[in-house]
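To find a chain, count down the sequence lines: A is the first, B the second, and so on, and within it residues start at 1. Predicted, not measured: the structure shown is a model, and the values here were computed from it. Hydrogens, waters and symmetry mates are skipped; everything else that's a heavy atom, side chains included, is used.
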2 protein chains.
Amino acid sequence: MANDDLLRQTIEKFWDTIPPVWGRVRGNVRCNATHDFNLTLIQFHILRHIWHGVRSVGELAEEQQISRPAVSQIVQILVEKGLVIRQTDAHDRRYVHLEITQSAAELLEAVYGKNRRWMAEKMASLNEEQLKTIQAAMEMLKKTFDPAAD
Amino acid sequence: MANDDLLRQTIEKFWDTIPPVWGRVRGNVRCNATHDFNLTLIQFHILRHIWHGVRSVGELAEEQQISRPAVSQIVQILVEKGLVIRQTDAHDRRYVHLEITQSAAELLEAVYGKNRRWMAEKMASLNEEQLKTIQAAMEMLKKTFDPAAD
DNA sequence: CTTAATAGTTAATTTACTTAACTATAAGCT
DNA sequence: AGCTTATAGTTAAGTAAATTAACTATTAAG
């Protein structure tokens, strides 16, 4: 099939693009989070996921592809920094619900906003059609590699 | 401008997509490289970059956003594994040219090929138009976040 | 009501990365 | 020329991060 070649090309392009691009975006965030708030990238990610509704250590570990003890330790640091609150579930006392605090929401918005502005500056030259193409591609990749699909 | 909203949306989508998708792809490669060849992800990346023509420790450090000593140590391991050869430049003896060996080329193709097949399987349901959309998006992202553009 | 399973944490170890110091070579200056 | 500064890379020491293994608490299953 001709589609096989296209598929192969697309995968090659993915590998050519995502590692360096993600590396740069990551680098920018790390720089903001570290410099402004003394947060590591992974701490920021965990915080962001809790913010987005991932509220247990196990789920966070699954999503971040790191071990549960690692997440637990990171959460501990975030609690000590006053960014996260732990609450044991009333119905199943094994579960610990995680929530971000008000100051975390502000911090998150500051770091994330700064990155967004940096990205927006980089992407300023893209027109409407190009942005829509990127959005469509993101949507497809998200669905294609969704762990829930397995 | 209406484009501002679109841009903002696109950035949000990027953040919603790339970390988990990259995490999964990365996880697959780590699994292949670790399980089959006892290579870490970063060792695989360094190898891949040398293969693609990035041939000095400094450049590799720049691209991978890690320190030069870290790269130097990784290269040392790769040399010991018989995957990389160091050669000092004849004209400027400070430079060390890095090259992958034949066995590295084979190893790389095995790991990378296995990942490619895994990705191809995942992406099998995408049609020609969708693949082209992803390719176009990759192309744009690559250009947009190219460090050389700064 | 004992055993197995699940969620999370703690502890010990290992791995990986960083900074600082050092070697070797090249380029710039007066 | 010869002294100074800069560059590429490595080595060494210290730090930070993640992993596995072991443990607690709670719930579900036989």
Side-chain angles (χ1 to χ4, degrees), chain A residues 19 23 26-27 29-31 33-35 37-47 49-50 53-81 84-99, chain B residues 19 22-24 26-27 29-31 33-35 37-50 53-81 83-99:
Chain A
R26 200 178 139 101
V29 171
R30 173 180 289 155
C31 189
T34 300
H35 191 272
F37 297 99
N38 210 40
L39 267 188
T40 68
L41 181 66
I42 190 76
Q43 286 167 11
F44 174 73
H45 272 166
I46 296 290
L47 210 50
H49 275 83
I50 296 171
V54 185
R55 303 248 148 93
S56 78
V57 169
E59 283 174 281
L60 288 165
E62 178 68 23
E63 295 227 15
Q64 294 289 317
Q65 295 273 303
I66 59 176
S67 66
R68 280 199 294 209
V71 172
S72 186
Q73 284 161 8
I74 291 160
V75 167
Q76 181 55 34
I77 291 167
L78 293 175
V79 169
E80 283 165 9
K81 280 174 187 265
V84 169
I85 294 170
R86 279 197 258 234
Q87 276 183 303
T88 56
D89 186 304
H91 298 298
D92 187 337
R93 293 170 54 75
R94 287 173 303 184
Y95 284 84
V96 175
H97 287 278
L98 303 172
E99 256 183 71
Chain B
W22 178 232
R24 287 211 84 199
R26 199 180 140 102
V29 171
R30 172 180 291 155
C31 188
T34 298
H35 191 271
F37 297 100
N38 210 39
L39 266 187
T40 68
L41 182 67
I42 189 77
Q43 286 167 11
F44 173 73
H45 273 165
I46 296 288
L47 209 51
R48 185 171 168 275
H49 276 84
I50 296 170
V54 184
R55 305 247 147 93
S56 77
V57 169
E59 282 174 281
L60 288 166
E62 176 70 23
E63 296 226 14
Q64 294 289 318
Q65 296 272 305
I66 58 175
S67 67
R68 281 199 292 212
V71 173
S72 187
Q73 285 161 6
I74 291 161
V75 167
Q76 181 56 32
I77 290 166
L78 294 174
V79 169
E80 284 164 10
K81 281 175 188 263
L83 301 172
V84 168
I85 294 169
R86 279 197 257 236
Q87 275 183 305
T88 56
D89 187 304
H91 299 299
D92 187 336
R93 294 171 52 75
R94 288 173 303 183
Y95 284 84
V96 175
H97 286 277
L98 303 172
E99 256 182 72

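Two residues are said to be in side-chain contact when any heavy atoms from C-beta on lie closer than 4.5 Å; A:Leu78 and A:Leu39 meet this criterion. Contact of the B:His45 side chain with the B:Leu41 side chain is registered, since non-hydrogen atoms from C-beta on lie closer than 4.5 Å. With a 4.5 Å cut-off on side-chain heavy atoms, A:Lys81 and A:Gln43 count as touching. Looking only at side-chain heavy atoms (C-beta outward), B:Ile46 and B:Val84 stay at 4.5 Å or farther from each other.
Both A:Arg93 and A:Ile77 lie near DNA chain D, and the one whose nearest nucleotide falls closer to the 5' end is A:Ile77. Residue-to-nucleotide proximity on DNA chain C shows that, of A:Asp92 and A:Pro69, the 5′-proximal contact is made by A:Asp92.
Distance, B:Gln73 CD to C:dT18 P: 10 Å, rounded to whole Å. Rounded to an integer number of Å, the gap from CD1 of B:Ile74 to P of D:dT10 is 12 Å. Per the geometry, CD belonging to B:Glu62 stands 14 Å off P belonging to D:dT7, to the nearest Å. Between the CG atom of B:Asp89 and the P atom of C:dA27 there is a distance of 11 Å, given to the nearest Å. Rounded to an integer number of Å, the gap from A:Leu60 CG to C:dT9 P is 11 Å. Atom NE2 in B:His97 sits roughly 13 Å away from atom C1' in D:dG9 (whole-Å rounding). The interatomic distance linking A:Leu41 (CG) with D:dA17 (C1') rounds to 13 Å, in whole Å. Atom NE2 of B:His45 and atom P of C:dC17 are 12 Å apart (whole Å).
No contact: A:Gln76 has no heavy atom under 4.0 Å from any strand.
For B:Ser72 and D:dG9, the shortest distance from a side-chain N or O to OP1 or OP2 is not below 4.0 Å. In this model, the phosphate group of D:dA18 is not approached by any side-chain N or O of A:Ser67 to a distance below 4.0 Å at OP1 or OP2. Using a 4.0 Å cut-off, no side-chain N or O of B:Arg68 falls inside it from OP1 or OP2 of C:dT19.
Here the closest heavy-atom approach between residue B:Ala61 and residue B:Arg68 is recorded as CB-CG, 3.6 Å.
The listed nucleotides are C:dA5, C:dT25, D:dG9; the one nearest the side chain of A:Arg94 is C:dA5.
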